[in-house]
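Encoded as structure tokens, the structure appears first; notes follow it.
Numbers for residues simply follow the sequence, beginning at 1. Note that ligands are numbered from 1 as they come in the structure, with each ligand's atoms numbered from 1 the same way.
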Amino acid sequence: MKKLLDDSAAIGEFRTHLLSWYRDHKRQTSWRDSSDPYHIWISEIMLQQTRVDQMGGYFERFITAFPTVEALAGASGDEVLKVWEGLGYYARARNLHKAAKRIAFELEGQIPNTYDGLIDLPGVGEYTAAAVSSIAFDCDHPVLDGNVIRVLCRHLRIEGDPRRAQIKAELIAAGEALLARGQAGDFNQAMMELGARICTPRKPLCETCPVGATCRARAELDDPTALPYKAPKKKKPHYQVAAGVISKGSQLLIAQRPAEGMLGGLWEFPGGKQEEGETLEECLVREIHEELGIEIETVARLTSVDHAFSHFSITLHAIAARYISGEPQTLGCADWKWIAPEELDEFALPRADRLIVEFLRRDGHQMQLFDGGVDRGK
Ligand code: SF4
């Protein structure tokens with residue numbers, strides 16, 4: 001029994017308290033000060049997998065580089081990935097770029113102003129369509145992101161798995177019932193902000209919660225964090241990966257990952273996953289032969305970097321190597337280049353590869369390219 005939803009006066013109070021708290025406590029951000037649909041769309045794509053407090057600088061950097069949807073549409077894929085570098089989940093940047101082209105070339109530069117028009121764009125799902133249509137165009141669509149789902153499950157004491165269709169339908173109905181129509185943009189942002197700052201995953205601040213008076217989890221449970229339902233965690237696999245810092249004369253070899261798939265379109269020190277029974281050095285020689293069709297010999301292990309992705313983690317081992325023979329080919333990569341070490345900053349690299357670059361440049365580990373190899377330095 002969801003008591004709040006049966007009581008229109010209580011629903012009215014819920015909206016009033018929530019909106020008033022949001023007006024007084026919302027964090028100032030440059031995208032919240034903007035009513036430009038382009039800014040709102042970019043910020044909501046960034047917020048799909050990045051928290052507000054982790055976005056510092058990225059939004060401004062992106063808008064400075066691509067101030068209009070036409071500017072974004074006219075940029076190259078490499079330019080977009082370079083500006084996105086560090087934010088992760090690079091499919092977001094690739095889809096933004098595709099969507100910008102469609103808006104600029106097929107929709108006369110107009111960002112769709114309805115939920116249905118938005119959800120038709122690459123990279124826009126239910127959450128983003130609801131957020132952008134409500135915040136930019138005042139459409140009455142409730143947002144259901146992780147923060148809002150947590151607030152609703154606790155507040156209404158919804159105990160089932162939110163990923164199940166029946167529970168999801170219940171959450172959508174609850175979101176529709178609570179939505180402050182005519183103020184959907186502020187209401188949705190207030191719900192997301194409440195989940196991010198008050199009704200947090202581990203330590204909800206029930207004593208100061210603006211909607212605490214009608215919350216069932218607070219009134220009925222010893223521990224509100226028992227909701228929402230959490231599926232038992234599966235152990236993530238961990239892989240050992242070799243990455244070659246391969247030199248030929250004064251140049252280094254970098255390879256571009258295939259456009260689709262994880263880290264698609266980014267440049268990296270080429271290499272791959274270690275197989276059972278092989279050393280990291282053997283792994284690197286094999287991977288470089290399979291990926292680029294060239295022969296190398298390893299010189300020295302340089303450093304190791306740990307990195308976690310959503311479904312697995314890796315230890316990336318950087319290994320200095322010399323080019324021996326063969327013309328690189330795009331057997332397992334989209335492109336390759338021999339570059340001077342100082343040119344590395346011109347390419348969008350995954351975070352783990354960027355850490356290797358930082359290691360190579362640190363005091364005591366200066367990169368010393370010599371004919372046919374990289375020396376670890378002193
Ligand atoms: Fe969340 Fe506590 Fe507020 Fe309920 S009272 S919505 S559990 S912070």
Side-chain angles (χ1 to χ4, degrees), residues 1-29 32 44 47-55 126-128 130-131 134-135 140-164 166-233:
M1 175 69 187
K2 311 296 177 279
K3 290 173 187 162
L4 172 68
L5 301 184
D6 299 333
D7 183 341
S8 58
I11 289 176
E13 266 181 45
F14 179 97
R15 293 174 184 150
T16 305
H17 289 149
L18 179 71
L19 287 167
S20 145
W21 170 81
Y22 179 64
R23 274 189 285 276
D24 292 344
H25 294 89
K26 71 175 170 182
R27 287 170 285 184
Q28 293 304 321
T29 59
R32 281 199 179 129
E44 288 303 333
L47 285 166
Q48 284 174 356
Q49 274 120 344
T50 305
R51 295 203 313 265
V52 169
D53 54 7
Q54 294 173 326
M55 259 182 45
E126 292 170 0
Y127 158 75
T128 307
S134 63
I135 298 168
D140 285 331
H141 271 285
V143 161
L144 274 190
D145 74 343
N147 283 323
V148 176
I149 288 170
R150 186 167 57 255
V151 171
L152 291 176
C153 285
R154 289 178 182 169
H155 203 283
L156 302 171
R157 197 171 170 180
I158 295 173
E159 302 195 341
D161 184 346
R163 289 171 307 178
R164 276 180 42 215
Q166 184 201 339
I167 302 299
K168 194 173 167 197
E170 201 175 328
L171 288 163
I172 291 170
E176 292 278 0
L178 290 174
L179 185 70
R181 287 167 200 280
Q183 301 177 77
D186 273 357
F187 181 86
N188 284 334
Q189 290 184 91
M191 286 289 279
M192 291 189 276
E193 192 79 346
L194 186 75
R197 296 178 59 201
I198 301 289
C199 196
T200 56
R202 287 190 201 89
K203 289 188 181 158
L205 304 172
C206 299
E207 297 307 317
T208 54
C209 177
V211 294
T214 45
C215 178
R216 288 193 62 190
R218 183 186 183 192
E220 299 169 16
L221 301 179
D222 291 338
D223 178 10
T225 67
L227 296 176
Y229 171 88
K230 294 166 205 72
K233 276 200 175 155

Please evaluate residues Glu176 and Arg181 with respect to the criterion salt bridge (Lys or Arg N to Asp or Glu O under 4.0 Å), reporting the C-alpha separation (whole Å), side-chain torsions for both, the decisive distance (0.1 Å), and the verdict. CA-CA 9 Å; Glu176 292 278 0; Arg181 287 167 200 280; 3.1 Å; yes
What one should report as the nearest heavy-atom pair of Glu193 and Arg32 is OE1-NH2, 3.1 Å
Once the angle between the rings of Phe187 and Phe14 is folded into 0 to 90°, is it parallel (under 30°), tilted (30 to 60°) or perpendicular (over 60°)? tilted
Any protein N, O or S atom under 2.8 Å from atom 2 (Fe) of ligand 1? Found Cys206 SG
Would Gln48 and Thr128 count as having a side-chain donor-acceptor pair, cut-off 3.5 Å?
yes
Query raised in the report: Would a distance-only check, ignoring hydrogens and angles, find a side-chain to backbone donor-acceptor pair under 3.5 Å from Arg154 to Ala217?
Result: no
Between Leu194 and Cys209, the two heavy atoms sitting closest are CD1-SG, 4.4 Å
